[in-house]
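All values below come from the heavy atoms of this structure, side chains included, with hydrogens, waters and symmetry mates left out.
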Amino acid sequence: MHISEKNFFLNKRFKTREVFIGKIPMGADNPIRIQSMTNTDTLDTNATVNQCLRLINAGCEYIRITAQGIKEAHHLETIKNELYNKCYNIPLIADIHFNPKAAEIAASIVEKVRINPGNYIDRNKKSTYTETEYNDELKRISERLFPLIEICKKNKTAIRIGTNHGSLSYRILNRYGDTPRGMVESAMEFIRIFNDFEFYNLVLSMKSSNVKVMIASNKLLVSSMMAENFNFPIHLGVTEAGNAEDGRIKSAAGIGVLLKEGIGDTIRVSLTEAPEFEIPAAKKIIFSAYQSQSSHNYNFKTDNKIEFQYRISRNLKGIGGKNNIAVISNNPKADFKITGDKIISNTDSNISYNLVIINDLEYFKKKLPEFKEKYFDENDKVILLSLSDKGTDAETEFFSILSENKLTIPVIIKKEYNTDDRELFNIMATIDIITLLNNGYGDGILVENPNLENEYVVQTMFNILQAGGYRISKAEYIACPSCGRTQFDIETSLKKVKEKTNHLKGIKIAVMGCIVNGPGEMADADYGYVGSGNGKVTLYKAKEIVEKNLPEDIALEKLIYLIKENGDWIEN
């Protein structure tokens, strides 16, 4: 399947206002913009400029560069001039976390500044707030933001309010908890302040390493903006997605599903790899979301519903009810294999079910009374829904009919693909499957692709379910893409950690470049391997530091010892 170099216009979207980042606008009717971030030392001009050139050549439209301090903020001008001298005028974005002065310097140089409301200004560590104290803090934030707003107005610089699940302020955590609601309220408070100052050149993002939290917070953001008549463009990304196929699948599970539903104006695929490798994946996510969009307009609401819905199906042995989403394939690693018109458990041959194959929606609707009479109460049957060629609309209509008629028979969703491009296959299958599962549709999945080996396809199904938060079949990794703040080789470190620990099913390990978002995004990890200085690593057990500033050459050995010491190690 060939992907055109054009950037696809999605045929339905939450209509946002147009915001110019330099000369390249986003939002409104503009195409989905692709961006990335450098991972070089910002003060290393040649390395940063050369990486920018590789990103531009790959098709990147905006480039973000960390400016963690005043020196780095000033140096953005040198980088910008070097690019201009090479005849490149790509919009640059300064990434700011803790330093308001750096933001003000950068705002007069680059086209956009990204601030995180959780650690930019709002860093009071009080554990409780009275109503008066809460409002007083908002007033102080407003006063501190005013200089940045004035500089951005003067220079026509855009601002991204970048909310991260892992770095919400103590004030927000006190009132709303570590929740999608807290993420959205953190951003909405800043939106209201900017609105009061009549500054509208804003972009918003809700990022998390947890796909369900990321999806829920972005949907809630749209709902909350609509309720207050705001419509700022939305930047989509899954933080700390990791590398290789896992990173691409996890990114597609969040970004692709939201694009398919009409949310998002610019995307960044955060991979723990060289940043130029993010661009082809981003293009394929946009393409796949475009290809699989419903023909109906997404119903954007202001009801603030963020819960994931689940269809109630019969609880049979190994499928339906509260069982894991089953993986079906004629491969011993799957949960069930197909033999004729039956599925048979790969672990217990006494468990089998007759298949009711549905591949014609109109015929099913016509025969519905007969179907209800025949299958309403039988516990030996499972539906195999094969409407892959008809798309999401037909599949959604089918499940709606089952719900309306209170038919609880379990359903296996069959999806078919025909590409030998593994990256594209992973992304397309992820968007299709996670979209259906998030709507509560499906008790099992059967994926076929004659161009790829069966074992690879089966493993992809398990990887998709894990990325979407539906079942765990191997160790899981939270890993940031690194940036100029990272002081150790996170890409190599992640590969080494995965090689030694990937067999530890159910264990979640965070491999993070620094402490900016690390401790927050790895809050639900069992173990943490976090860069803490030049060639230094700090180890965590859950949220607690176990050993500080270990040399890199012994850190992995110490991590393995820590896992063994806590009884979580199994031999491969």
Side-chain angles (χ1 to χ4, degrees), residues 14-30 33 35 62 64-65 67 73 76 80 91-123 134-164 167-169 171-172 183-207 218 221-236 264-266:
F14 169 59
K15 189 65 176 288
T16 57
R17 67 186 298 137
E18 185 174 66
V19 170
F20 275 80
I21 315 299
K23 295 182 179 180
I24 301 179
M26 72 163 70
D29 293 322
N30 292 292
R33 301 298 186 185
Q35 60 180 280
Y62 308 130
R64 184 156 46 114
I65 304 171
L76 293 173
K80 186 174 182 179
L92 299 181
I93 303 165
D95 192 63
I96 309 292
H97 280 270
F98 301 108
N99 197 325
K101 185 61 179 175
E104 292 162 17
I105 293 167
S108 64
I109 299 169
V110 298
E111 286 74 21
K112 181 177 164 189
V113 171
R114 183 265 181 161
I115 59 173
N116 181 341
N119 55 30
Y120 177 90
I121 301 173
D122 193 6
R123 288 186 277 150
Y134 194 97
N135 291 328
D136 286 345
E137 190 70 19
L138 283 177
K139 289 178 184 176
R140 282 192 287 272
I141 291 170
S142 178
E143 291 167 0
R144 194 62 190 86
L145 280 171
F146 180 74
L148 175 63
I149 292 171
E150 288 298 289
I151 294 168
C152 288
K153 280 184 176 179
K154 179 181 177 181
N155 292 277
K156 296 182 179 179
T157 306
I159 294 176
R160 169 156 71 99
I161 302 171
T163 307
N164 272 29
S167 54
L168 297 177
S169 69
R171 182 176 55 80
I172 288 292
M183 293 174 67
V184 171
E185 287 301 323
S186 179
M188 291 299 294
E189 289 177 350
F190 272 56
I191 291 172
R192 295 179 194 115
I193 291 170
F194 282 107
N195 189 64
D196 289 343
F197 286 123
E198 298 182 337
F199 184 86
Y200 311 112
N201 210 15
L202 291 178
V203 180
L204 309 171
S205 67
M206 300 281 119
K207 291 193 173 185
N218 276 282
L221 174 65
V222 170
S223 177
S224 299
M225 281 204 292
M226 289 178 68
E228 299 187 37
N229 294 316
F230 297 128
N231 64 338
F232 296 108
I234 296 174
H235 168 125
L236 297 180
D265 301 283
T266 179

Closest approach of [X] and [Y], non-hydrogen atoms and distance?
{"X": "Arg33", "Y": "Pro25", "value": "NE-O, 2.8 Å"}
{"X": "Thr163", "Y": "Met183", "value": "CG2-O, 3.4 Å"}
{"X": "Ala107", "Y": "Asn155", "value": "O-CB, 3.8 Å"}

Closer than 3.5 angstrom, by distance alone: can the side chain of [X] be matched with the main-chain N or O of [Y] as a donor-acceptor pair?
{"X": "Asn195", "Y": "Ile191", "answer": "no"}
{"X": "Tyr62", "Y": "Gly22", "answer": "no"}
{"X": "Ser186", "Y": "Pro117", "answer": "no"}
{"X": "Asn119", "Y": "Phe98", "answer": "no"}

| request: Mark yes when over 12 heavy atoms from residues, nucleotides or ligands other than Lys153 sit less than 6.0 Å from its NZ; otherwise mark no. | output: yes
| Among all residues two or more places apart in sequence or in another chain, which pass the ring-ring contact (aromatic ring centres under 6.0 Å, His included) test with Phe232? | Phe230
| remark: Across all chains, not counting sequence neighbours, the ring-ring contact (aromatic ring centres under 6.0 Å, His included) partners of Phe146 are Phe197
| Please, which pairs that meet side chain to side chain donor-acceptor pair (under 3.5 Å) have at least one residue in residues 225-236, sequence neighbours excluded? | Gln35-His235, Arg192-Glu228, Lys207-His235
Is the closest side-chain heavy-atom distance between [X] and [Y] below 4.5 Å?
{"X": "Ser205", "Y": "Arg160", "value": "yes"}
{"X": "Leu76", "Y": "Leu92", "value": "no"}
{"X": "Thr157", "Y": "Ile151", "value": "no"}

Does [X] have any side-chain hydrogen bond (donor to acceptor under 3.5 Å, both in side chains) partners at least two apart in sequence or in another chain, and if so, which?
{"X": "Glu18", "result": "Asn30"}
{"X": "Tyr200", "result": "none"}
{"X": "Arg171", "result": "Asp122, Tyr134, Glu189"}
{"X": "Arg17", "result": "none"}

| said: Going by salt bridge (Lys or Arg N to Asp or Glu O under 4.0 Å), name the pairs with one or both residues in residues 102-111, residues two or more places apart or in two chains. | reply: Lys80-Glu111, Glu104-Arg144
| field | side chain to side chain contact (heavy atoms under 4.5 Å, CB included) between Ile115 and Phe190, worked out | value | CA-CA 10 Å; Ile115 59 173; Phe190 272 56; 4.1 Å; yes
| field | Contacts of Thr16 that satisfy side-chain contact (heavy atoms from CB on, under 4.5 Å) - sequence neighbours left out | value | Phe14, Pro233, Asp265
| said: Can you list everything that forms a side-chain contact (heavy atoms from CB on, under 4.5 Å) with Ala73? Sequence neighbours excluded, please. | reply: Ala67, Ala102, Ile105, Ala106
| query | Got a second to check how far Ile21's CD1 is from Lys156's NZ, nearest 0.5 Å? | reply | 13.5 Å
